[in-house]
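One structure below.
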Amino acid sequence: MSVSTLLSRQFLGPASELLAWMSEEAVTDVLVNGTQSLYVERSGTLVREPSPFERRQDLMDFLERILVPIGRRMDATRPYLDGRLADGSRFHLILPPLAPYGPVLSIRKGSSGPQAPLSSFGEAPLLEWLVSEFRAGKNLLISGGTGSGKTTLLTRLLETIRTEERLLVVEETGEIRLDHPHVVFLEARPSTPEGIGEVTLRTLIRNALRMRPTRLILGECRGSEAWDLLQAMNTGHAGSACTLHANAPLDALRRLETLILVSGVSAPLVAVREWIASAIHIVVQMKRTGAQRRIHEVVSLSGLEGDRYRYRPISVGSALGR
């Protein structure tokens with residue numbers, strides 16, 4: 001379903017102004033801050049726009065219109081949720097009383113046009129090295145901030161994988177759109193307002209391992225599923241990958257440590273680091289400058305030195321030298 005079909009003027013009612021913003025190629029996010037303000041991100045810059053929601057009821061009616069078609073509902077017992085619209089746009093919604101001045105809706109627009117090519121993310125020698133290493137079975141961690149291009153880069157790299165390989169993609173909310181002949185997508189499910197029916201990323205990873213994957217792909221690592229992913233990487237699923245929010249490659253590794261330790265794993269820190277160092281071979285750090293998303297730093301891991309990670313930066317020059 002296209003954006004224009006999904007967000008028709010009849011469907012939106014008083015919020016029909018959203019249609020124009022969602023149709024703009026330069027717009028990536030629409031942020032509704034209750035009835036107080038509305039911002040769109042256009043070419044990497046947040047711009048305030050007139051809000052069509054003068055009354056809270058107008059906003060609540062609009063939220064009902066986008067939730068009902070996807071089988072979701074709002075409830076005071078769970079006043080927040082993530083979801084995906086029919087056109088692929090992702091949204092996050094948080095309701096009063098957690099948002100005391102009205103519902104806060106954040107929409108990350110699904111791409112309706114051609115995706116950024118792999119060549120747009122960095123110098124050709126570095127990208128060729130990265131593709132070669134990934135195709136050869138090196139496990140990959142892609143780190144960066146929100147909107148830095150982590151998922152898009154991962155998607156482009158996955159499209160270089162041989163067609164005879166079977167890819168299992170596990171996500172909380174589907175983002176990866178992949179042109180590969182043998183890929184299976186699994187998507188987590190939140191619990192109902194009654195507290196039942198939840199299917200976590202951890203559960204999906206455990207199920208995925210029974211589905212004969214060649215490679216296991218985790219869209220974003222943010223919780224206890226980090227431990228299950230590392231075990232998969234260390235037990236024969238070479239060439240697996242995930243993304244993670246962090247500001248630098250070493251920060252990404254430390255965040256991975258934290259996610260594992262808080263998941264209830266009973267192991268000393270050095271043992272966790274040994275698992276990470278043996279599972280993760282390459283960390284790619286993404287950076288966003290304005291509307292441009294590029295690889296900022298790449299490091300190659302090769303075990304531990306004492307209790308510290310042994311790594312080396314990969315530059316264009318070292319990639320040329322292989």
Side-chain angles (χ1 to χ4, degrees), residues 25 28 43-44 111 113-169 171 175-183 214-221 229 233 237-253 256 276-277 279-302 309-322:
E25 184 176 344
T28 56
S43 300
S111 175
Q115 292 285 308
L118 182 61
S119 59
S120 69
F121 289 101
E123 300 293 332
L126 183 60
L127 291 170
E128 290 171 5
W129 177 88
L130 189 58
V131 168
S132 175
E133 294 291 293
F134 191 42
R135 283 172 58 91
K138 297 296 178 67
N139 295 326
L140 192 63
L141 176 62
I142 302 179
S143 166
T146 300
S148 60
K150 302 183 298 297
T151 301
T152 306
L153 175 63
L154 176 58
T155 303
R156 298 287 82 80
L157 291 173
L158 289 171
E159 289 174 345
T160 71
I161 299 304
R162 290 179 291 272
T163 58
E164 61 267 25
E165 297 192 39
R166 174 174 165 88
L167 311 181
L168 263 290
V169 177
E171 297 181 273
E175 291 184 78
I176 295 175
R177 299 179 181 182
L178 188 56
D179 183 16
H180 189 279
H182 197 172
V183 56
T214 306
R215 298 172 187 250
L216 181 63
I217 310 302
L218 178 59
E220 182 182 337
C221 189
L229 178 67
M233 289 177 167
H237 297 87
S240 295
C242 73
T243 74
L244 183 144
H245 281 81
N247 294 324
L250 288 182
D251 289 343
L253 297 175
L256 205 54
I276 293 174
I280 303 294
H281 303 126
I282 299 170
V283 183
V284 179
Q285 183 68 33
M286 300 296 295
K287 185 176 181 180
R288 173 180 174 178
T289 305
Q292 190 177 53
R293 298 161 172 83
R294 288 178 65 86
I295 295 174
H296 179 64
E297 189 177 358
V298 179
V299 300
S300 174
L301 293 179
S302 55
Y309 295 105
R310 183 191 301 120
Y311 66 93
R312 66 184 180 96
I314 302 297
S315 62
V316 172
S318 61
L320 282 170
R322 301 281 167 150

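- How far CG of L127 is from OG of S120: 8.5 Å, rounded to the nearest 0.5 Å.
- In plain terms, the two heavy atoms of R293 and G147 that are nearest each other are NE-O, 2.6 Å.
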Given the rule in the side-chain contact (heavy atoms from CB on, under 4.5 Å) test, do V298 and W129 qualify, once you have shown the distances and angles that lead to the verdict?
CA-CA 11 Å; V298 179; W129 177 88; 3.9 Å; yes
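- Contact between L158 and H180 at its shortest, heavy atoms only, is O-CD2, 4.0 Å.
- Checked against side chain to side chain contact (heavy atoms under 4.5 Å, CB included), S300 has the following partners two or more places apart in sequence or in another chain: R312, I314.
- A 4.5 Å side-chain heavy-atom check between T146 and H245 finds at least one atom pair inside the cut-off.
- In this structure, R288 and K150 have side chains that are not in contact, with every pair of non-hydrogen atoms separated by 4.5 Å or more.
- A distance of 10.5 Å separates CD of E159 from CG of L167, quoted to the nearest 0.5 Å.
- Scanning both residues, L178 and T155, for their nearest heavy atoms gives CD1-O, 3.6 Å.
- No side-chain heavy atom of T243 sits less than 4.5 Å from a side-chain heavy atom of C221.
- Side-chain contact between Y311 and L250: present, with at least one pair of heavy atoms (C-beta onward) separated by less than 4.5 Å.
- Residue L118 holds its CG atom at 11.0 Å from OG1 of T152, rounded to the nearest 0.5 Å.
- Side-chain atoms of R215 do not come within 3.5 Å of backbone N or O of A241 as any donor-acceptor pair.
- T214 places a side-chain N or O within donor-acceptor distance of the main-chain N or O of R166, the cut-off being under 3.5 Å.
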Using the rule given for side chain to side chain donor-acceptor pair (under 3.5 Å), can you reason through E164 versus H182, listing the C-alpha separation, both sets of side-chain angles and the distance that settles it, and then say yes or no?
CA-CA 7 Å; E164 61 267 25; H182 197 172; over 6 Å; no
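- Taking 4.5 Å as the limit, every side-chain heavy atom of L126 sits out of range of all side-chain heavy atoms of F121.
- Taking the side chain as every heavy atom from C-beta outward, V299 and Y309 never approach each other to under 4.5 Å.
- By the 4.5 Å heavy-atom criterion applied to side chains, I295 and M286 are counted as neighbours.
- Formation of a donor-acceptor pair under 3.5 Å by the S143 side chain with backbone atoms of A246 is found in this model.
- Residues G239 and F134 come closest through the heavy atom pair O-CE1, 3.2 Å.
- Side chain of E171 to backbone of I176: a donor-acceptor contact under 3.5 angstrom is found.
- Rounded to the nearest 0.5 Å, atoms CG (L256) and CG (D251) are 12.5 Å apart.
- For the atom pair I217 CD1 and C242 SG, the distance stands at 9.0 Å (nearest 0.5 Å).
- Note that the CG atom of L168 and the CG atom of L218 stand 11.5 Å from one another [nearest 0.5 Å].
- Applying the side chain to side chain contact (heavy atoms under 4.5 Å, CB included) test to H281 and every residue at least two apart in sequence or in another chain returns K138, N139.
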